[in-house]
Amino acid sequence: MTDFKLLINGRLVPGASTMDVLNPATEEVVAACPTASEAQLNEAVAAAKAAFPAWSKRPLKERAELLNKLAAAMMARQEEFARLLTQEQGKPLPMAMWEVGGTAAGLQYFASLDLPEKVIKDDADSKIIMQHAPLGVVAAITPWNFPLILLSIKVGPGLLAGNTMICKPAPTTPLTTLLFGELCAEIFPPGVINVIADKNDLGAAITAHPDIAKVAFTGSTATGKKVMASAASSLKRITLELGGNDAAIVLDDVDPKEVAPKIFGGATMNSGQVCLAIKRVYAPQSMYDELCDELAKLANEAVMGDGLEQGTQLGPIQNKMQYEKVKEFIEDGRKNGKIIAGGDLPEGKGYFIPPTIVRDIPHDARLVREEQFGPVLPILAYTDLDQAIAEANDSEYGLGGTVWTNDLDRGKEVASQIMSGTIWVNKHLDLPFDVPFGGAKQSGLGVEYGQEGLEEFTQQKTINMAKDPL
Ligand code: NAD
């Protein structure tokens with residue numbers, strides 16, 4: 001067990017109190033985590049504010065070098081990070097290794113970008129230049145499903161743009177973020193990046209803080225609304241990456257056997273705890289039975305267990321609260337539809353939910369309407385494709401979605417009609433760092449990734465100069 005510390009003003013310090021972090025596969029304590037008081041949060045914000053003038057004036061190339069150094073330091077301890085991630089989050093170790101590698105790659109990607117000024121007008125009267133200025137102190141608030149990668153796509157652009165930062169992980173997965181902070185302590189000047197943990201009690205103080213200029217938030221839509229309301233008090237900049245209820249629309253020209261493993265993987269990766277997971281499937285009536293049977297077969301064959309054990313495909317649900325919620329979705333599936341695989345919970349320790357396939361369920365069932373965020377997948381039959389598209393769009397969410405077809409033109413046509421930020425045709429979860437990504441409707445505000453994601457961490461600033469000296 002490592003001795004975890006907060007990072008405030010360049011120093012690794014104990015918290016005002018501690019809390020136990022549990023391994024969701026065993027319900028045993030992974031480590032005691034220090035948690036910050038509001039006074040410590042204020043100290044961190046003051047340190048970030050004090051560090052801002054020097055950091056923002058430092059050449060962008062030097063800031064990029066330090067981000068690359070952080071990426072290299074993470075990769076040097078990739079396995080340690082990954083094991084800790086599996087222990088606190090539950091995901092299979094190979095996926096944890098992938099997440100740590102992706103976190104470093106995300107930092108490197110942003111370190112490769114630039115924020116050049118742009119001449120908008122240069123004529124006889126004036127020269128008008130557009131610059132991207134940093135905002136000041138930025139808070140990164142992250143959820144428990146991908147604690148590291150979602151952190152890197154905030155820290156990378158935030159620091160590169162010249163901001164200083166406060167990072168706050170979810171209370172059930174703070175340890176890898178604190179380890180990340182430990183590396184930052186060696187690399188960045190004091191105050192440039194601060195890492196605190198809380199008992200789910202400091203979010204409101206962060207979003208209301210007068211000295212924080214922007215909140216980069218990933219989490220649920222319900223909390224995102226609170227962030228937006230609170231940010232209004234000081235007109236903070238916000239990016240909100242929120243929940244989703246992504247539909248997979250299967251067209252009538254595919255082979256159900258071929259498409260089933262792709263849909264199953266998209267619905268159950270990270271035990272369904274992915275914002276962009278496939279959360280409901282619309283299949284043509286003509287192949288409905290066959291597709292349901294294929295998905296049920298895959299669910300029955302899937303290996304669920306402790307993420308540290310070799311061969312585990314599905315780890316546990318990350319925390320007790322979410323586990324209880326997913327159990328309710330299973331009950332809804334049982335009541336309103338027909339469970340054809342899974343549904344029965346294993347005895348013993350750990351928050352395990354077997355992959356569960358539910359068929360013959362109506363569009364208005366809770367499992368179809370809400371975000372289950374777990375491996376419980378409803379399959380709906382359609383006879384009219386327009387009706388399936390309308391049902392896919394009949395949601396407050398608009399994060400992602402997929403279309404499966406052997407006719408790419410048709411695929412594009414259907415994709416164009418889905419009201420979401422991202423829609424894939426014949427693939428899923430392909431998220432290149434250089435492609436901006438964000439939610440439509442109540443799935444978010446603003447984008448992450450790409451040059452556009454970097455610019456979200458800046459203030460667009462115009463310098464309008466007369467051509468003649470006075
Ligand atoms: P959550 O909203 O409960 O918590 C997210 C973070 O917000 C945590 O760090 C939490 O401590 C903090 N928080 C709690 N109250 C707050 C407040 N009043 N003000 C500010 N911060 C506060 O979300 P979760 O349950 O940890 O994560 C799951 C959700 O995240 C799902 O809905 C999922 O779809 C979504 N998600 C979205 C994306 C995306 O990119 N769109 C990515 C991953 C997860």
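Only heavy atoms go into these numbers, but all of them, side chains included; no hydrogens, no water, no symmetry mates. Note that ligands are numbered from 1 as they come in the structure, with each ligand's atoms numbered from 1 the same way.
Heavy-atom contacts of Thr142 reach the following atoms of ligand 1: 6 (C), 8 (C), 9 (O) (cutoff under 4.0 Å). Near Leu399, the atoms of ligand 1 lying under 4.0 angstrom from a non-hydrogen atom of the residue are 41 (N). Atoms of ligand 1 found under 4.0 Å from any heavy atom of Ile141, numbered from 1 in the order shown, are 6 (C), 7 (O), 9 (O), 12 (C), 20 (C), 21 (N). Within ligand 1, counting atoms from 1 as listed, the ones closer than 4.0 Å to a heavy atom of Phe437 are 40 (O). Less than 4.0 angstrom separates some heavy atom of Pro171 from each of these atoms of ligand 1: 11 (O).
Considering backbone and side-chain atoms alike, Trp144 places an N or O below 3.5 Å from some N or O of ligand 1. For ligand 1, the polar-atom distance check against Leu150 finds no nitrogen or oxygen pair separated by under 3.5 Å. Annotation: Glu371 places an N or O atom under 3.5 Å from an N or O atom of ligand 1; distance criterion only. Residue Thr218 places no N or O, backbone or side chain, under 3.5 Å from any N or O of ligand 1. The shortest N or O to N or O distance between Lys279 and ligand 1 is not below 3.5 Å. Looking at Asn145 next to ligand 1, no N or O pair under 3.5 Å apart turns up. Not one N or O of Pro143 is nearer than 3.5 Å to an N or O of ligand 1, by distance alone. By the 3.5 Å distance cut-off applied to N or O atoms, Thr207 is not counted among the residues near ligand 1. For ligand 1, none of its N or O atoms has an N or O atom of Asp198 under 3.5 Å away.
Side chain of Asn194 to main chain of Asn9: a donor-acceptor pair is present (N/O by atom type, distance under 3.5 Å, no hydrogens or angles). Under the 3.5 Å distance criterion, the side-chain polar atoms of Lys199 are left unmatched by any main-chain donor or acceptor of Thr35.
Within a 4.0 Å radius of atom 4 (O) of ligand 1, the protein contributes no non-hydrogen atoms.
A salt bridge links Glu324 with Lys320: the distance from a Lys NZ or Arg NE/NH1/NH2 to an Asp or Glu carboxylate oxygen falls below 4.0 Å. Taking 4.0 Å as the cut-off between side-chain N and carboxylate O, Glu182 and Lys5 do not count as a salt-bridged pair. Classification of Arg366 and Glu328 as a salt-bridged pair holds, one side-chain N sitting under 4.0 Å from a carboxylate O.
Nearest protein neighbour of atom 14 (C) of ligand 1, counting heavy atoms only, is Asn200 OD1, 3.4 Å. Scanning the protein heavy atoms around atom 7 (O) of ligand 1, the nearest turns out to be Phe217 CE1, 3.2 Å. When hydrogens are left out, the protein atom nearest atom 13 (N) of ligand 1 is Thr223 CG2, 3.7 Å; that is the closest non-hydrogen contact. With hydrogens left out, the protein atom closest to atom 40 (O) of ligand 1 is Glu241 CB, 3.3 Å, a heavy atom. Given atom 23 (O) of ligand 1, the protein heavy atom at minimum distance is Ser220 N, 3.3 Å. Atom 28 (C) of ligand 1 has its closest protein heavy atom at Phe373 CE2, 3.7 Å. Nearest to atom 41 (N) of ligand 1 among the protein's heavy atoms is Leu242 O, 2.8 Å. Considering only non-hydrogen protein atoms, atom 21 (N) of ligand 1 sits nearest to Gly203 CA, 3.6 Å.
Scanning Ser443, Ala205, Gly219, Cys275 for the heavy atom closest to atom 29 (C) of ligand 1 points to Gly219.
Heavy atoms of other residues, nucleotides or ligands lying less than 6.0 angstrom from CD of Glu38 number 12 at most.
Across Gln372 and Gln322, no two heavy atoms sit closer than the pair O-NE2, 3.2 Å. Across every non-hydrogen atom of Gly272 and Lys279, the tightest pair is O-CE, 4.5 Å. Of all the heavy atoms in Leu175 and Cys33, the pair that sits closest is CD2-CB, 4.0 Å. Nearest heavy-atom pair, Gly411 versus Val425, reported as atom, atom and distance to 0.1 Å: O-CG2, 3.9 Å. Contact record, Pro147 with Thr176: CB-OG1, 4.1 Å, taken as the closest heavy-atom pair.
With contacts defined as side-chain heavy-atom distances shorter than 4.5 Å, the pair Gln442/Leu242 does not qualify. Contact annotation: the side chain of Leu151 never approaches that of Thr103 to less than 4.5 Å [non-hydrogen atoms, C-beta and beyond].
The six-membered or imidazole ring of Tyr282 lies away from that of Tyr382, with a centre-to-centre distance of 6.0 Å or more.
Residue contacts with ligand 1 leave out Gly439, since none of its heavy atoms falls under 4.0 Å from the ligand. Using a 4.0 angstrom heavy-atom cutoff, Pro169 counts as in contact with ligand 1.
Contacts of Ala222 with ligand 1, taken as heavy-atom pairs under 4.0 Å, are absent altogether.
Seen from the ring of Phe217, Lys226 does not count as a face-on cation partner, given the 6.0 Å and 45° thresholds.
By the 30° and 60° cut-offs, the orientation of the rings of Tyr323 relative to Tyr351 is tilted.
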